[in-house]
Amino acid sequence: PQIGWNSIFIKNKHKYLNGVPDKSDFYFVNSFVFVPENKDFIIAETDYGVKFCSAIAKDNIFGTQFHPEKSSNIGRRILQNFLNA
């Protein structure tokens, strides 16, 4: 399980990450990882002893392993980007 702050490493530019610097910290609460079949949809990864997909996007589908709503101003930026998309 991962509970706490950790960095994301942006792998692919995406409109949902506009204004989010690489290596930004987000709040995580998770005990599993999502492993996408198509790695092209991974937009961010995180390292917690092993690298894993922490943000994914395809068309109008967007998912994160972290909680943007608990991640202060940088999380608010992602939520605003999502609403403006």
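Keep in mind it's a predicted model, so treat the numbers as computed, not measured.
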Is the shortest side-chain heavy-atom distance between Tyr27 and Ser71 below 4.5 Å? yes
What residues, two or more places apart in sequence or in another chain, satisfy side-chain contact (heavy atoms from CB on, under 4.5 Å) together with Asp40? Asn38
Same hydrophobic cluster for Phe41 and Phe34, using side-chain heavy-atom links shorter than 4.5 Å among ILVMFWY? yes
Could you list the residues that satisfy ring pair (Phe, Tyr, Trp, His ring centres under 6.0 Å) with Phe26, not counting sequence neighbours? Phe66
Under 3.5 Å donor-acceptor pairs involving side-chain atoms of residues 76-85, not counting sequence neighbours:
residue, atom, partner, partner atom, Å
Arg76, NH1, Asn73, OD1, 2.7
Gln80, NE2, Asn84, OD1, 3.3
Asn81, ND2, Tyr16, O, 3.0
Asn81, ND2, Asn18, O, 2.8
Asn81, ND2, Arg77, O, 3.4
Asn84, ND2, Gln80, O, 3.2

By side chain to side chain donor-acceptor pair (under 3.5 Å) - contacts of Ser7 (at least two apart): Asp25
Any side-chain heavy atom of His67 sitting closer than 4.5 Å to one from Phe28? no
Asn6: side chain to side chain donor-acceptor pair (under 3.5 Å) partners, not counting sequence neighbours: Gln2
Contact list for residues 4-21, test salt bridge (charged side-chain N to carboxylate O under 4.0 Å, His left out), sequence neighbours left out: Lys11-Glu45
Taking side-chain contact (heavy atoms from CB on, under 4.5 Å) as the definition, give me every residue that meets it alongside Ile61, ordered by chain and number, with sequence neighbours left out. none
Report, one line per pair, each donor and acceptor closer than 3.5 Å where one atom sits in a side chain of residues 49-58; sequence neighbours left out.
residue, atom, partner, partner atom, Å
Ser54, OG, Ala44, O, 3.4
Ser54, OG, Thr46, OG1, 2.9

Quick check: do Thr64 and Phe62 have side-chain heavy atoms less than 4.5 Å from each other? yes
Would you kindly confirm whether Ile3 and Ile8 end up in one hydrophobic cluster when ILVMFWY residues are joined by side chain heavy atoms under 4.5 Å apart? no
Nearest-0.5 Å distance, CH2 of residue Trp5 to NZ of residue Lys70: 10.5 Å
Among residues at least two apart in sequence or on other chains, which ones pass side-chain contact (heavy atoms from CB on, under 4.5 Å) with Pro21? Ser24, Ile74
